[in-house]
Amino acid sequence: MYVAVKGGETAIENAHRLLDQKRRGATDVPPLSLTQIAQQMPLAVARVMSEGSLYDRELAALAIKQSAGDLLEAIFLLRAYRTTLSRYCVSRPLHTESMQVERRISATYKDLPGGQLLGPTFDYTHRLLDFTLQAEGEQPQALQRTQAGVDGAADAQQATLPGAMHLDADAQADAAMQEAGQHFPRVLGLLAQEGLMREETDSAQPVPDITREPLDFPSNRMQRLQALARGDEGFLLALGYSTQRGYGRNHPFAGEIRIGFTEVWLEPEELDFAVPAGDIEVTECEMVNQFVGSKDQPAQFTRGYGLAFGYNERKVMGMALVDRALRAAEYDEEITSPAQQEEFVLMHCDNVEAAGFVSHLKLPHYVDFQAELELIRKMRKRDAQAELDQQQQQQQETEAGRVPPQKEKRA
(Lines give C-alpha, C1' and ligand atoms only; values in the text may rest on other atoms or scores of the structure.)
Protein backbone atom coordinates (compact mmCIF):
# COMPACT_ATOMS: atom_id res chain seq x y z
CA MET A 1 0.00 0.00 0.00
CA TYR A 2 1.19 3.53 -0.79
CA VAL A 3 1.22 4.56 2.86
CA ALA A 4 3.54 7.49 2.16
CA VAL A 5 1.44 8.89 -0.67
CA LYS A 6 -0.81 11.77 0.21
CA GLY A 7 -4.40 10.53 0.33
CA GLY A 8 -3.40 6.95 1.15
CA GLU A 9 -6.21 4.41 0.89
CA THR A 10 -8.66 6.90 -0.60
CA ALA A 11 -6.26 7.56 -3.49
CA ILE A 12 -5.97 3.83 -4.14
CA GLU A 13 -9.75 3.39 -4.18
CA ASN A 14 -10.04 6.25 -6.66
CA ALA A 15 -7.35 4.62 -8.80
CA HIS A 16 -9.41 1.41 -8.84
CA ARG A 17 -12.48 3.33 -9.98
CA LEU A 18 -10.50 5.03 -12.72
CA LEU A 19 -9.20 1.63 -13.82
CA ASP A 20 -12.76 0.32 -14.08
CA GLN A 21 -13.67 3.31 -16.21
CA LYS A 22 -10.63 2.73 -18.39
CA ARG A 23 -11.59 -0.91 -18.86
CA ARG A 24 -15.24 -0.16 -19.62
CA GLY A 25 -14.58 2.64 -22.09
CA ALA A 26 -17.43 4.70 -23.52
CA THR A 27 -20.72 3.70 -21.92
CA ASP A 28 -22.63 4.18 -25.19
CA VAL A 29 -20.74 1.17 -26.61
CA PRO A 30 -22.17 -2.25 -25.64
CA PRO A 31 -19.90 -4.13 -23.22
CA LEU A 32 -18.08 -7.26 -24.33
CA SER A 33 -19.59 -10.50 -23.14
CA LEU A 34 -17.49 -13.46 -22.04
CA THR A 35 -18.97 -15.49 -24.89
CA GLN A 36 -17.79 -12.92 -27.39
CA ILE A 37 -14.27 -12.96 -25.99
CA ALA A 38 -14.10 -16.76 -25.83
CA GLN A 39 -15.48 -17.23 -29.33
CA GLN A 40 -13.92 -14.30 -31.17
CA MET A 41 -10.55 -14.08 -29.42
CA PRO A 42 -9.64 -17.78 -29.26
CA LEU A 43 -5.90 -17.25 -29.63
CA ALA A 44 -5.74 -14.80 -26.73
CA VAL A 45 -7.83 -17.18 -24.63
CA ALA A 46 -5.51 -20.06 -25.55
CA ARG A 47 -2.42 -18.16 -24.45
CA VAL A 48 -3.97 -17.16 -21.13
CA MET A 49 -5.07 -20.74 -20.45
CA SER A 50 -1.67 -22.19 -21.36
CA GLU A 51 0.54 -19.77 -19.44
CA GLY A 52 -2.01 -19.58 -16.63
CA SER A 53 -1.95 -23.40 -16.30
CA LEU A 54 -5.73 -23.70 -16.21
CA TYR A 55 -7.93 -24.98 -19.03
CA ASP A 56 -11.16 -23.01 -18.73
CA ARG A 57 -12.22 -20.81 -21.62
CA GLU A 58 -14.82 -18.90 -19.64
CA LEU A 59 -12.44 -18.05 -16.80
CA ALA A 60 -9.74 -17.08 -19.29
CA ALA A 61 -12.23 -14.81 -21.05
CA LEU A 62 -13.18 -13.28 -17.70
CA ALA A 63 -9.51 -12.64 -16.91
CA ILE A 64 -9.00 -10.96 -20.29
CA LYS A 65 -12.05 -8.76 -19.75
CA GLN A 66 -11.03 -7.83 -16.20
CA SER A 67 -7.49 -7.00 -17.29
CA ALA A 68 -8.71 -4.80 -20.17
CA GLY A 69 -6.88 -6.98 -22.67
CA ASP A 70 -3.53 -7.08 -20.83
CA LEU A 71 -2.70 -10.76 -21.34
CA LEU A 72 0.08 -10.83 -18.74
CA GLU A 73 -2.30 -9.45 -16.15
CA ALA A 74 -4.93 -11.98 -17.27
CA ILE A 75 -2.43 -14.81 -16.86
CA PHE A 76 -1.64 -13.53 -13.36
CA LEU A 77 -5.36 -13.46 -12.48
CA LEU A 78 -5.92 -16.99 -13.74
CA ARG A 79 -2.92 -18.36 -11.86
CA ALA A 80 -4.06 -16.66 -8.67
CA TYR A 81 -7.49 -18.24 -9.02
CA ARG A 82 -5.90 -21.60 -9.74
CA THR A 83 -4.23 -21.62 -6.34
CA THR A 84 -7.66 -21.62 -4.67
CA LEU A 85 -8.81 -24.82 -6.41
CA SER A 86 -8.70 -28.26 -4.83
CA ARG A 87 -6.89 -31.08 -6.58
CA TYR A 88 -8.96 -34.25 -6.63
CA CYS A 89 -6.83 -36.47 -8.84
CA VAL A 90 -4.23 -36.50 -11.59
CA SER A 91 -5.14 -37.28 -15.18
CA ARG A 92 -3.55 -40.01 -17.20
CA PRO A 93 -1.05 -39.03 -19.91
CA LEU A 94 -2.69 -37.60 -23.00
CA HIS A 95 -2.73 -39.79 -26.10
CA THR A 96 -2.32 -37.14 -28.75
CA GLU A 97 -1.86 -39.76 -31.46
CA SER A 98 -5.64 -40.27 -31.33
CA MET A 99 -6.31 -36.53 -31.53
CA GLN A 100 -9.28 -35.26 -33.52
CA VAL A 101 -7.06 -33.25 -35.82
CA GLU A 102 -8.03 -29.76 -36.95
CA ARG A 103 -4.63 -28.86 -38.37
CA ARG A 104 -1.65 -31.08 -39.14
CA ILE A 105 1.42 -30.13 -41.16
CA SER A 106 4.98 -31.34 -41.62
CA ALA A 107 8.02 -29.70 -43.19
CA THR A 108 9.91 -32.98 -43.54
CA TYR A 109 7.72 -35.01 -45.89
CA LYS A 110 5.58 -33.75 -48.74
CA ASP A 111 3.38 -36.85 -49.01
CA LEU A 112 2.39 -37.98 -45.54
CA PRO A 113 0.23 -40.95 -44.62
CA GLY A 114 -3.12 -39.31 -44.01
CA GLY A 115 -2.06 -36.16 -45.85
CA GLN A 116 -1.39 -32.66 -44.63
CA LEU A 117 -4.29 -30.65 -43.25
CA LEU A 118 -3.79 -26.89 -43.34
CA GLY A 119 -6.74 -26.01 -41.14
CA PRO A 120 -7.10 -22.46 -39.82
CA THR A 121 -3.81 -20.60 -40.18
CA PHE A 122 -2.36 -17.14 -40.83
CA ASP A 123 0.50 -18.65 -42.86
CA TYR A 124 -0.95 -17.88 -46.28
CA THR A 125 -2.63 -14.56 -45.55
CA HIS A 126 -1.19 -11.38 -47.06
CA ARG A 127 -1.04 -9.51 -43.72
CA LEU A 128 -3.21 -6.74 -45.13
CA LEU A 129 -5.98 -5.13 -43.11
CA ASP A 130 -9.34 -6.63 -44.07
CA PHE A 131 -11.72 -3.69 -43.96
CA THR A 132 -14.68 -5.96 -44.66
CA LEU A 133 -14.45 -6.93 -40.98
CA GLN A 134 -15.68 -3.43 -40.17
CA ALA A 135 -19.11 -4.54 -41.39
CA GLU A 136 -20.63 -5.50 -38.07
CA GLY A 137 -23.05 -8.39 -37.91
CA GLU A 138 -22.04 -9.85 -41.27
CA GLN A 139 -20.49 -13.27 -41.80
CA PRO A 140 -17.17 -13.49 -43.65
CA GLN A 141 -17.59 -14.50 -47.27
CA ALA A 142 -15.56 -17.68 -46.78
CA LEU A 143 -17.89 -18.78 -43.99
CA GLN A 144 -20.92 -18.03 -46.14
CA ARG A 145 -19.52 -20.12 -49.00
CA THR A 146 -18.68 -23.00 -46.67
CA GLN A 147 -22.11 -22.94 -45.08
CA ALA A 148 -23.77 -22.83 -48.48
CA GLY A 149 -21.71 -25.79 -49.67
CA VAL A 150 -22.50 -27.84 -46.57
CA ASP A 151 -26.21 -27.08 -46.80
CA GLY A 152 -26.22 -27.94 -50.48
CA ALA A 153 -24.44 -31.24 -49.88
CA ALA A 154 -26.82 -32.12 -47.07
CA ASP A 155 -29.85 -31.35 -49.24
CA ALA A 156 -28.45 -33.49 -52.04
CA GLN A 157 -27.84 -36.37 -49.63
CA GLN A 158 -31.39 -36.20 -48.37
CA ALA A 159 -32.70 -36.17 -51.91
CA THR A 160 -30.56 -39.16 -52.90
CA LEU A 161 -31.07 -41.26 -49.80
CA PRO A 162 -34.68 -41.12 -48.63
CA GLY A 163 -34.99 -41.29 -44.88
CA ALA A 164 -31.30 -40.50 -44.30
CA MET A 165 -30.49 -38.59 -41.10
CA HIS A 166 -29.72 -34.94 -41.66
CA LEU A 167 -26.45 -33.82 -40.05
CA ASP A 168 -25.74 -30.16 -39.43
CA ALA A 169 -22.38 -28.64 -40.33
CA ASP A 170 -20.89 -29.01 -36.84
CA ALA A 171 -21.81 -32.69 -36.62
CA GLN A 172 -20.32 -33.38 -40.06
CA ALA A 173 -17.13 -31.55 -39.12
CA ASP A 174 -16.82 -33.51 -35.85
CA ALA A 175 -17.35 -36.80 -37.64
CA ALA A 176 -14.79 -35.89 -40.29
CA MET A 177 -12.19 -34.89 -37.69
CA GLN A 178 -12.74 -38.07 -35.69
CA GLU A 179 -12.38 -40.21 -38.78
CA ALA A 180 -9.30 -38.30 -39.91
CA GLY A 181 -7.65 -38.60 -36.51
CA GLN A 182 -7.49 -42.38 -36.91
CA HIS A 183 -5.36 -42.05 -40.05
CA PHE A 184 -2.69 -39.60 -38.92
CA PRO A 185 0.39 -41.56 -37.79
CA ARG A 186 3.19 -39.64 -36.15
CA VAL A 187 5.83 -38.35 -38.55
CA LEU A 188 8.65 -38.98 -36.11
CA GLY A 189 7.31 -42.50 -35.70
CA LEU A 190 8.12 -43.11 -39.35
CA LEU A 191 11.73 -42.14 -38.68
CA ALA A 192 11.80 -44.28 -35.54
CA GLN A 193 10.72 -47.32 -37.55
CA GLU A 194 13.91 -46.98 -39.59
CA GLY A 195 16.01 -46.43 -36.47
CA LEU A 196 16.76 -42.86 -37.56
CA MET A 197 15.21 -41.15 -34.52
CA ARG A 198 16.69 -41.26 -31.05
CA GLU A 199 14.37 -43.28 -28.81
CA GLU A 200 12.65 -41.63 -25.87
CA THR A 201 12.61 -43.82 -22.76
CA ASP A 202 10.29 -43.55 -19.80
CA SER A 203 12.23 -42.97 -16.59
CA ALA A 204 9.34 -44.50 -14.57
CA GLN A 205 9.90 -41.79 -11.97
CA PRO A 206 7.02 -39.84 -10.40
CA VAL A 207 6.26 -36.63 -12.25
CA PRO A 208 7.19 -33.60 -10.12
CA ASP A 209 4.85 -30.62 -9.90
CA ILE A 210 6.75 -27.35 -10.15
CA THR A 211 3.71 -25.45 -8.83
CA ARG A 212 4.01 -27.33 -5.53
CA GLU A 213 7.68 -28.24 -5.32
CA PRO A 214 10.44 -25.67 -5.80
CA LEU A 215 12.47 -26.00 -8.95
CA ASP A 216 15.96 -27.34 -8.27
CA PHE A 217 19.06 -27.57 -10.43
CA PRO A 218 20.14 -29.56 -12.25
CA SER A 219 16.55 -30.16 -13.34
CA ASN A 220 15.09 -33.08 -15.24
CA ARG A 221 13.19 -32.90 -18.50
CA MET A 222 9.80 -33.26 -16.79
CA GLN A 223 10.45 -30.10 -14.80
CA ARG A 224 11.78 -28.26 -17.82
CA LEU A 225 8.77 -29.05 -19.99
CA GLN A 226 6.40 -27.86 -17.26
CA ALA A 227 8.29 -24.59 -16.90
CA LEU A 228 8.39 -24.07 -20.66
CA ALA A 229 4.66 -24.78 -21.00
CA ARG A 230 4.00 -21.96 -18.48
CA GLY A 231 6.74 -19.77 -19.96
CA ASP A 232 6.24 -16.55 -21.85
CA GLU A 233 5.63 -17.05 -25.56
CA GLY A 234 7.77 -14.08 -26.58
CA PHE A 235 10.69 -15.19 -24.42
CA LEU A 236 10.64 -18.73 -25.81
CA LEU A 237 10.26 -17.44 -29.35
CA ALA A 238 13.31 -15.21 -28.94
CA LEU A 239 15.40 -18.04 -27.48
CA GLY A 240 14.24 -20.41 -30.21
CA TYR A 241 15.21 -17.81 -32.78
CA SER A 242 18.64 -17.50 -31.22
CA THR A 243 19.27 -21.24 -31.61
CA GLN A 244 18.74 -20.89 -35.37
CA ARG A 245 21.19 -17.99 -35.60
CA GLY A 246 24.12 -19.99 -34.30
CA TYR A 247 23.60 -19.72 -30.54
CA GLY A 248 22.96 -23.37 -29.80
CA ARG A 249 24.13 -25.59 -32.68
CA ASN A 250 20.54 -26.28 -33.63
CA HIS A 251 19.31 -26.93 -37.17
CA PRO A 252 15.65 -27.89 -36.78
CA PHE A 253 12.95 -29.19 -39.09
CA ALA A 254 9.28 -29.01 -38.18
CA GLY A 255 8.66 -32.74 -38.04
CA GLU A 256 4.98 -32.40 -37.20
CA ILE A 257 2.63 -29.78 -35.83
CA ARG A 258 -0.89 -30.86 -34.99
CA ILE A 259 -3.79 -28.99 -33.44
CA GLY A 260 -7.02 -30.61 -32.33
CA PHE A 261 -9.02 -32.11 -29.52
CA THR A 262 -7.81 -34.96 -27.36
CA GLU A 263 -9.61 -36.84 -24.62
CA VAL A 264 -8.66 -36.53 -20.95
CA TRP A 265 -8.99 -39.63 -18.76
CA LEU A 266 -9.09 -39.68 -14.98
CA GLU A 267 -8.70 -42.55 -12.57
CA PRO A 268 -10.33 -41.55 -9.25
CA GLU A 269 -9.09 -43.20 -6.07
CA GLU A 270 -12.46 -44.80 -5.37
CA LEU A 271 -12.48 -46.51 -8.77
CA ASP A 272 -10.22 -49.18 -10.19
CA PHE A 273 -10.59 -47.96 -13.75
CA ALA A 274 -10.24 -44.74 -15.72
CA VAL A 275 -13.16 -42.64 -16.91
CA PRO A 276 -13.22 -39.93 -19.59
CA ALA A 277 -13.51 -36.37 -18.27
CA GLY A 278 -13.94 -34.61 -21.61
CA ASP A 279 -12.01 -33.21 -24.56
CA ILE A 280 -9.53 -30.35 -24.54
CA GLU A 281 -7.94 -28.52 -27.45
CA VAL A 282 -4.15 -28.73 -27.54
CA THR A 283 -1.33 -27.84 -29.90
CA GLU A 284 1.60 -30.23 -30.22
CA CYS A 285 4.93 -29.81 -31.98
CA GLU A 286 7.77 -32.25 -32.56
CA MET A 287 10.95 -30.84 -34.04
CA VAL A 288 13.50 -32.99 -35.86
CA ASN A 289 16.91 -31.73 -34.84
CA GLN A 290 20.53 -32.37 -35.72
CA PHE A 291 21.73 -35.90 -35.44
CA VAL A 292 24.07 -37.41 -32.91
CA GLY A 293 26.16 -40.53 -33.05
CA SER A 294 29.42 -42.18 -32.04
CA LYS A 295 31.64 -45.13 -32.88
CA ASP A 296 29.37 -47.39 -30.85
CA GLN A 297 26.05 -45.89 -31.93
CA PRO A 298 24.95 -45.00 -35.46
CA ALA A 299 23.87 -41.47 -36.26
CA GLN A 300 20.29 -40.60 -35.32
CA PHE A 301 18.12 -37.51 -35.33
CA THR A 302 17.09 -35.96 -32.03
CA ARG A 303 13.83 -34.28 -31.13
CA GLY A 304 12.44 -31.27 -29.33
CA TYR A 305 8.90 -31.29 -27.94
CA GLY A 306 6.26 -28.71 -27.19
CA LEU A 307 2.63 -28.89 -26.05
CA ALA A 308 0.22 -26.17 -24.98
CA PHE A 309 -3.48 -25.59 -24.40
CA GLY A 310 -5.64 -24.33 -27.26
CA TYR A 311 -4.47 -23.01 -30.62
CA ASN A 312 -0.91 -22.07 -29.67
CA GLU A 313 1.30 -22.88 -32.63
CA ARG A 314 4.01 -20.26 -32.22
CA LYS A 315 4.38 -21.06 -28.53
CA VAL A 316 4.91 -24.81 -29.00
CA MET A 317 7.43 -24.27 -31.80
CA GLY A 318 9.53 -22.02 -29.59
CA MET A 319 9.07 -24.48 -26.73
CA ALA A 320 10.28 -27.41 -28.86
CA LEU A 321 13.38 -25.50 -29.98
CA VAL A 322 14.31 -24.54 -26.42
CA ASP A 323 13.57 -28.06 -25.14
CA ARG A 324 16.12 -29.47 -27.56
CA ALA A 325 18.67 -26.78 -26.73
CA LEU A 326 18.36 -27.61 -23.02
CA ARG A 327 19.24 -31.25 -23.75
CA ALA A 328 22.79 -30.31 -24.69
CA ALA A 329 24.29 -31.94 -21.59
CA GLU A 330 22.30 -35.11 -22.27
CA TYR A 331 23.98 -35.43 -25.67
CA ASP A 332 27.43 -34.36 -24.42
CA GLU A 333 27.32 -31.12 -26.38
CA GLU A 334 29.26 -28.01 -25.44
CA ILE A 335 27.08 -25.46 -23.62
CA THR A 336 27.91 -22.07 -25.08
CA SER A 337 24.66 -20.14 -25.56
CA PRO A 338 21.91 -18.78 -23.28
CA ALA A 339 19.27 -21.16 -24.69
CA GLN A 340 21.37 -24.12 -23.50
CA GLN A 341 21.75 -22.89 -19.91
CA GLU A 342 18.84 -24.33 -17.97
CA GLU A 343 19.12 -22.04 -14.97
CA PHE A 344 19.09 -18.94 -17.16
CA VAL A 345 16.10 -20.17 -19.20
CA LEU A 346 13.95 -21.64 -16.44
CA MET A 347 14.50 -18.82 -13.96
CA HIS A 348 13.58 -16.11 -16.48
CA CYS A 349 10.90 -17.63 -18.74
CA ASP A 350 8.00 -17.04 -16.33
CA ASN A 351 6.29 -13.78 -17.32
CA VAL A 352 4.32 -13.50 -14.05
CA GLU A 353 7.51 -13.54 -12.00
CA ALA A 354 9.28 -11.25 -14.45
CA ALA A 355 6.40 -8.74 -14.54
CA GLY A 356 6.12 -8.80 -10.76
CA PHE A 357 9.78 -8.16 -10.17
CA VAL A 358 9.96 -5.38 -12.72
CA SER A 359 6.66 -3.84 -11.56
CA HIS A 360 7.80 -3.71 -7.94
CA LEU A 361 10.10 -0.88 -8.98
CA LYS A 362 6.98 1.33 -9.08
CA LEU A 363 6.45 0.87 -5.35
CA PRO A 364 7.80 3.50 -2.94
CA HIS A 365 11.55 3.26 -2.47
CA TYR A 366 11.87 6.58 -0.68
CA VAL A 367 14.26 5.46 2.06
CA ASP A 368 16.48 3.53 -0.34
CA PHE A 369 16.58 6.39 -2.79
CA GLN A 370 17.34 8.98 -0.10
CA ALA A 371 20.23 6.81 1.07
CA GLU A 372 21.58 6.59 -2.49
CA LEU A 373 21.01 10.31 -2.96
CA GLU A 374 22.88 11.21 0.21
CA LEU A 375 25.72 8.88 -0.73
CA ILE A 376 26.17 10.34 -4.20
CA ARG A 377 26.08 13.87 -2.80
CA LYS A 378 28.83 13.02 -0.30
CA MET A 379 30.88 11.39 -3.06
CA ARG A 380 30.52 14.42 -5.33
CA LYS A 381 31.36 16.77 -2.44
CA ARG A 382 34.40 14.71 -1.56
CA ASP A 383 35.58 14.60 -5.17
CA ALA A 384 35.03 18.33 -5.56
CA GLN A 385 37.01 19.05 -2.38
CA ALA A 386 39.78 16.73 -3.51
CA GLU A 387 39.95 18.48 -6.89
CA LEU A 388 40.04 21.89 -5.16
CA ASP A 389 42.83 20.76 -2.83
CA GLN A 390 44.80 19.47 -5.79
CA GLN A 391 44.45 22.76 -7.63
CA GLN A 392 45.58 24.73 -4.58
CA GLN A 393 48.58 22.45 -4.14
CA GLN A 394 49.56 22.85 -7.76
CA GLN A 395 49.25 26.61 -7.47
CA GLN A 396 51.44 26.67 -4.35
CA GLU A 397 54.07 24.54 -6.04
CA THR A 398 54.05 26.83 -9.04
CA GLU A 399 54.48 29.95 -6.92
CA ALA A 400 57.27 28.36 -4.86
CA GLY A 401 59.24 27.34 -7.92
CA ARG A 402 58.81 30.63 -9.79
CA VAL A 403 61.99 32.89 -9.98
CA PRO A 404 61.35 36.67 -9.82
CA PRO A 405 62.51 38.53 -12.99
CA GLN A 406 64.57 41.16 -11.08
CA LYS A 407 66.72 38.55 -9.28
CA GLU A 408 67.26 36.77 -12.60
CA LYS A 409 68.76 39.99 -14.15
CA ARG A 410 71.14 40.59 -11.20
CA ALA A 411 72.48 37.07 -11.49
Side-chain angles (χ1 to χ4, degrees), residues 37 41-55 57 60-61 63-80 82 103 107 120-123 125 127 210-211 215 219 223-248 250 252 254 257 259 281-287 289 304-328 337-362:
I37 297 174
M41 298 183 179
L43 305 189
V45 169
R47 180 179 179 183
V48 172
M49 291 193 305
S50 180
E51 298 178 22
S53 300
L54 181 62
Y55 190 93
R57 294 185 182 278
I64 293 173
K65 181 176 181 178
Q66 181 178 337
S67 63
D70 186 340
L71 296 189
L72 264 66
E73 182 70 19
I75 292 166
F76 197 167
L77 291 171
L78 201 62
R79 283 199 196 177
R82 182 183 183 273
R103 170 170 165 80
T121 178
F122 290 107
D123 290 348
T125 60
R127 267 71 177 193
I210 64 170
T211 66
L215 191 63
S219 63
Q223 293 172 311
R224 294 198 299 265
L225 287 175
Q226 289 180 57
L228 295 179
R230 291 161 54 93
D232 182 74
E233 176 184 330
F235 183 81
L236 297 181
L237 195 65
L239 284 179
Y241 178 45
S242 73
T243 64
Q244 299 175 70
R245 298 192 65 252
Y247 297 91
N250 198 347
I257 300 172
I259 304 173
E281 185 183 24
V282 295
T283 303
E284 183 183 44
C285 174
E286 288 187 298
M287 287 283 181
N289 297 86
Y305 185 78
L307 183 108
F309 288 150
Y311 191 110
N312 230 325
E313 190 169 280
R314 215 170 28 231
K315 165 71 176 288
V316 298
M317 293 181 70
M319 178 179 173
L321 292 172
V322 177
D323 169 54
R324 173 57 183 87
L326 291 176
R327 304 180 72 183
S337 65
Q340 296 173 307
Q341 300 172 9
E342 64 171 7
E343 188 169 353
F344 173 80
V345 174
L346 302 184
M347 294 301 293
H348 299 97
C349 68
D350 193 297
N351 52 28
V352 173
E353 291 187 6
F357 201 85
V358 172
S359 295
H360 102 280
L361 298 175
K362 297 182 293 184

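Given the structure is predicted, the values throughout are model-derived calculations rather than measurements. We're numbering straight along the sequence, starting at 1.
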Would the distance check show the side chain of [X] and the main-chain N or O of [Y] forming a donor-acceptor pair, the cut-off being under 3.5 Å?
X	Y	answer
Glu342	Arg224	no
Lys315	Gly231	yes
Arg47	Gly310	no
Asn289	Gly304	yes
Arg57	Met49	no

Derivation and outcome, side-chain contact (heavy atoms from CB on, under 4.5 Å), residues Asp123 and Glu313: CA-CA 11 Å; Asp123 290 348; Glu313 190 169 280; 4.2 Å; yes
Roughly how far, to the nearest 0.5 Å, is [atom2] of [Y] from [atom1] of [X]?
X	Y	atom1	atom2	answer
Asp232	His348	CG	NE2	13.0 Å
Leu321	Cys285	CG	SG	7.0 Å
Glu51	Leu72	CD	CG	7.5 Å
Leu215	Gln226	CG	CD	9.0 Å
Leu307	Thr283	CG	OG1	7.5 Å
Leu326	Phe344	CG	CZ	11.0 Å

Worked check of side-chain contact (heavy atoms from CB on, under 4.5 Å) between Gln66 and Glu73: CA-CA 9 Å; Gln66 181 178 337; Glu73 182 70 19; over 6 Å; no
Atom of [X], atom of [Y] and distance for their closest heavy-atom approach:
X	Y	result
Ala320	Gly306	CB-N, 3.9 Å
Ala63	Leu77	O-CD1, 3.9 Å
Arg82	Gly52	CD-O, 3.7 Å
Val322	Gly240	CG2-N, 4.0 Å
Pro338	Val345	O-CG2, 3.4 Å
Val45	Ile37	CG2-O, 3.8 Å

For Ser242, side-chain hydrogen bond (donor to acceptor under 3.5 Å, both in side chains) partners two or more places apart: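 side-chain hydrogen bond (donor to acceptor under 3.5 Å, both in side chains) check on Ser242 returns nothing, list empty.
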Partner set under side-chain hydrogen bond (donor to acceptor under 3.5 Å, both in side chains) for Ser67, not counting sequence neighbours: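 Result, side-chain hydrogen bond (donor to acceptor under 3.5 Å, both in side chains) vs Ser67: none returned.
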Pairing residues for Leu237 by the side-chain contact (heavy atoms from CB on, under 4.5 Å) criterion, not counting sequence neighbours: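 For Leu237, the residues satisfying side-chain contact (heavy atoms from CB on, under 4.5 Å) (neighbours in sequence not counted) are Arg314.
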Candidate pair Asn312 and Met319, rule side-chain contact (heavy atoms from CB on, under 4.5 Å), full reasoning: CA-CA 11 Å; Asn312 230 325; Met319 178 179 173; over 6 Å; no
Identified side chain to side chain donor-acceptor pair (under 3.5 Å) partner of Tyr305 from the options Glu284, Glu286, Arg324: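 Only match with Tyr305 under side chain to side chain donor-acceptor pair (under 3.5 Å): Glu284.
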Parallel, tilted or perpendicular, as decided by the 30° and 60° cut-offs, for the rings of Phe309 and Tyr55: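 Judged by the thresholds at 30° and 60°, the geometry between Tyr55 and Phe309 is perpendicular.
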Polar side chain donor-acceptor pair, Gln340 to Tyr247, under 3.5 angstrom: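 Looking only at side-chain atoms, Tyr247 and Gln340 do not form any donor-acceptor pair under 3.5 Å.
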